[in-house]
Number of protein chains: 2
Amino acid sequence: MRGAPTNAVDIVLCTAHDRQLAVLLVRDEAKRARERWTLPWAPVGARDTLDHTAARIALRAAGARASWLAQAGAFADGSRHPGAAALSVAYVGVTPPRALGPSTGAQWFPAGDLPPMAPRHRAIIDAALAQLRERMDRAPVAFRLLGATFTLSELQAVYELLLGRRLHKASFRRALQAAFLVEPTDEWQSEGRGRPAQLFRYAPRRRRGGRGGVRFELLGG
Amino acid sequence: MRGAPTNAVDIVLCTAHDRQLAVLLVRDEAKRARERWTLPWAPVGARDTLDHTAARIALRAAGARASWLAQAGAFADGSRHPGAAALSVAYVGVTPPRALGPSTGAQWFPAGDLPPMAPRHRAIIDAALAQLRERMDRAPVAFRLLGATFTLSELQAVYELLLGRRLHKASFRRALQAAFLVEPTDEWQSEGRGRPAQLFRYAPRRRRGGRGGVRFELLGG
DNA sequence: ATAATTAGTAGCTAACTGCAACTAATGTCA
DNA sequence: TGACATTAGTTGCAGTTAGCTACTAATTAT
């Protein structure tokens with residue numbers, strides 16, 4: 001038996017559950033009691049591209065295609081990996097909340113309450129969630145966390161969840177309207193009590209050139 | 001001999017040269033005539049961390065530590081790599097313009113005029129330069145491209161280089177002052193003709209909470 | 001009916017951006 | 001030596017955008 005190249009693709013698939021981010025984990029029967037859950041992963045095939053491998057893993061674990069998926073980096077430190085891979089290429093993805101397929105023993109865990117896991121998977125999750133927050137202003141992550149139609153309050157809640165802070169309703173809507181990212185549908189959603197909310201769909205029209213200014217606010221370290 | 005995973009760390013080290021980004025390449029004697037130049041790279045050691053390996057490669061190729069260095073992703077497609085590595089972990093870094101050490105046959109090439117290279121290295125460079133531009137508002141990339149002290153006109157020129165568009169002098173300086181990122185020194189720099197410019201140093205004081213708003217401008221695809 | 005709850009809008013103020021015009025300090029050249 | 005070119009740096013103005021408060025609108029609960 002040749003010492004096959006032990007590279008793995010590990011994916012962090014996220015959804016919004018009950019005003020909190022949740023991560024999809026799968027049961028690993030081969031593991032000792034302390035680390036029963038792992039990120040969905042597979043060895044890197046010699047044929048497939050990394051992106052395609054990641055999409056396949058996500059599809060199998062969640063029972064549906066990830067609505068957004070991007071590479072989150074390579075991890076080789078803290079080498080304990082469920083498959084003993086020397087190196088992991090991590091991916092981060094999102095999907096709207098939906099029923100899991102009956103496929104495997106996959107389950108959503110709140111990001112703030114994860115079970116014991118291999119050290120590398122813990123590090124990958126931390127990095128993946130941080131990247132989700134960093135990339136949300138360059139990729140439509142928030143929209144991919146929602147279904148095809150959504151209310152503006154739901155969209156704002158997703159932004160608040162990812163940003164970790166409250167936003168002002170009027171300002172949020174003005175900025176959204178100025179960006180030509182959504183269009184209204186004919187439908188309204190009654191959520192029990194309160195006035196029904198109009199449903200919108202993600203339909204980006206124009207990109208407004210970036211508005212010239214420079215962003216110094218996030219620097220400082 | 002075990003078929004160990006042939007993973008490599010490849011680094012894209014950049015500097016600002018003559019109002020253009022330049023990439024450090026090293027001569028590869030073992031290569032056929034068409035691809036004499038490669039990115040600095042090394043196989044991944046079983047002991048070292050990826051970050052440390054990357055720092056070591058940069059130090060050896062440039063003769064000085066990179067002033068900023070970050071992982072840019074894993075590349076396994078288009079498998080032609082100078083060392084036939086199955087997978088490359090790419091890093092992107094910057095350094096102030098300075099004389100190269102006498103170490104190896106390393107040389108700066110303008111980013112817009114690169115010699116023929118292995119397809120994977122070409123892809124890595126494209127991705128690395130894109131990430132440099134994307135990360136400059138979250139990491140002090142622009143400041144690390146300059147020396148310890150610099151004039152505000154030099155800083156603005158670096159920002160214009162990375163952003164690919166002109167900025168307005170007054171607005172740039174007002175935003176910089178509001179961010180408390182630089183402090184003036186006692187020194188002034190006479191650049192030949194024109195009024196001498198005061199030298200500043202990078203000394204971030206406080207981070208101004210991100211100013212609340214949401215960035216929709218960069219979305220749209 | 002009345003209150004509670006959620007959706008959505010309008011107006012004010014403060015801050016920021018881009019622009020143009022200005023002053024300041026140096027070198028160049030007649 | 002004095003006008004001019006060149007680069008540095010600031011100021012004031014107008015248009016835009018952000019956050020805030022307060023308002024109206026539509027539904028369910030009691």
Side-chain angles (χ1 to χ4, degrees), chain A residues 18-19 137 146 149-161 163-201 206-219, chain B residues 18-19 137 146 149-161 163-201 206-219:
Chain A
D18 194 29
R19 301 256 161 180
D137 57 355
L146 297 165
T149 63
F150 47 83
T151 71
L152 298 189
S153 294
E154 289 170 345
L155 180 63
Q156 183 176 341
V158 169
Y159 266 92
E160 290 175 343
L161 179 59
L163 291 170
R165 58 186 161 87
R166 302 301 307 270
L167 298 172
H168 286 271
K169 184 167 58 167
S171 301
F172 180 80
R173 291 173 186 220
R174 268 184 310 217
L176 185 61
Q177 189 160 35
F180 295 93
L181 286 177
V182 299
E183 67 183 15
T185 69
D186 295 343
E187 293 177 289
W188 295 72
Q189 172 173 304
S190 216
E191 186 65 36
R193 51 192 176 285
R195 171 176 171 175
Q198 191 168 16
L199 288 172
F200 288 76
R201 89 166 51 85
R206 17 167 154 160
R207 45 184 70 205
R208 301 200 26 195
R211 247 191 73 243
V214 187
R215 301 271 292 179
F216 290 121
E217 298 94 12
L218 298 176
L219 296 180
Chain B
D18 195 28
R19 302 259 163 178
D137 55 357
L146 296 165
T149 63
F150 46 84
T151 71
L152 298 189
S153 294
E154 288 170 345
L155 180 63
Q156 182 176 342
V158 170
Y159 265 91
E160 290 176 342
L161 178 60
L163 290 170
R165 59 187 161 85
R166 300 302 307 270
L167 298 172
H168 287 271
K169 183 168 59 167
S171 302
F172 180 81
R173 291 173 185 221
R174 269 182 310 215
L176 185 62
Q177 189 160 36
F180 295 92
L181 286 176
V182 300
E183 66 182 18
T185 70
D186 295 343
E187 293 176 287
W188 296 72
Q189 172 173 303
S190 217
E191 188 64 38
R193 55 193 172 286
R195 172 177 169 174
Q198 191 168 16
L199 288 172
F200 288 76
R201 87 167 51 86
R206 15 166 154 161
R207 44 182 70 203
R208 300 201 24 195
R211 247 191 73 245
V214 188
R215 301 271 293 181
F216 289 122
E217 299 94 12
L218 298 176
L219 296 180

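Side-chain atoms are counted along with the backbone in the values below, which use heavy atoms only and exclude waters and symmetry mates. Throughout, protein chains are lettered first and strands after them, A, B, ... in sequence-line order, and every chain is numbered starting at 1.
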Figure out the [atom1]/[atom2] separation between [X] and [N], and round it to whole Å.
X: B:R195; N: D:dC4; atom1: CZ; atom2: C1'; answer: 18 Å
X: A:L152; N: C:dT9; atom1: CG; atom2: C1'; answer: 13 Å
X: A:W188; N: C:dT6; atom1: CH2; atom2: P; answer: 17 Å
X: A:L167; N: C:dG8; atom1: CG; atom2: P; answer: 16 Å
X: B:Q189; N: D:dG9; atom1: CD; atom2: P; answer: 10 Å
X: A:Q156; N: C:dT6; atom1: CD; atom2: P; answer: 14 Å
X: B:E187; N: C:dA25; atom1: CD; atom2: P; answer: 19 Å
X: A:F150; N: C:dT6; atom1: CZ; atom2: C1'; answer: 18 Å

Under a 3.5 Å distance rule, please check whether [X] uses its side chain to pair with a backbone N or O of [Y] as donor and acceptor.
X: A:E217; Y: B:A179; answer: no
X: B:E183; Y: B:R201; answer: no
X: A:E191; Y: A:A197; answer: no
X: B:E160; Y: B:L167; answer: yes

Practice prompt. Using a 4.0 Å heavy-atom cut-off across all strands, classify A:Q198 as base, sugar-phosphate, or nothing.
Written response: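 Result for A:Q198 = sugar-phosphate.
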Practice prompt. Output the residues of residues 169-177 of chain B in contact with DNA chain C, where contact means a heavy atom of the residue under 4.0 Å from an atom of the strand; sort by number or write none.
Written response: B:A170, B:S171, B:R174
Practice prompt. Could you check B:R193 against A:S190 and say which one's nearest nucleotide on DNA chain D is further toward the 5' end?
Written response: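 Mapping each residue to its closest nucleotide by heavy atoms, the 5'-most match is B:R193.
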Discussion item. Here's a test of your reading of the structure: between B:T151 and B:V214, which maps to the more 5' nucleotide of DNA chain D?
Written reply: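 Residue closer to the 5' terminus by nearest nucleotide: B:T151.
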Worksheet item: Got A:V214 and B:Y159 here, is their nearest side-chain heavy-atom distance under 4.5 Å?
Response: yes
Worksheet item: In terms of heavy-atom contacts, does CD of A:Q177 have more than 12 from other residues, nucleotides or ligands at under 6.0 Å?
Response: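 Atom CD in A:Q177 is not crowded, with 12 or fewer foreign heavy atoms closer than 6.0 Å.
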Practice prompt. Compare the minimum distances between each of D:dG9, C:dT26, C:dG8 and the side chain of B:P196, then state the nucleotide with the smallest one.
Written response: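 Of all the options, the side chain of B:P196 is nearest to C:dT26.
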Worksheet entry | side-chain contact (heavy atoms from CB on, under 4.5 Å) evaluation trace for B:T151 with B:L199 | CA-CA 5 Å; B:T151 71; B:L199 288 172; 3.8 Å; yes
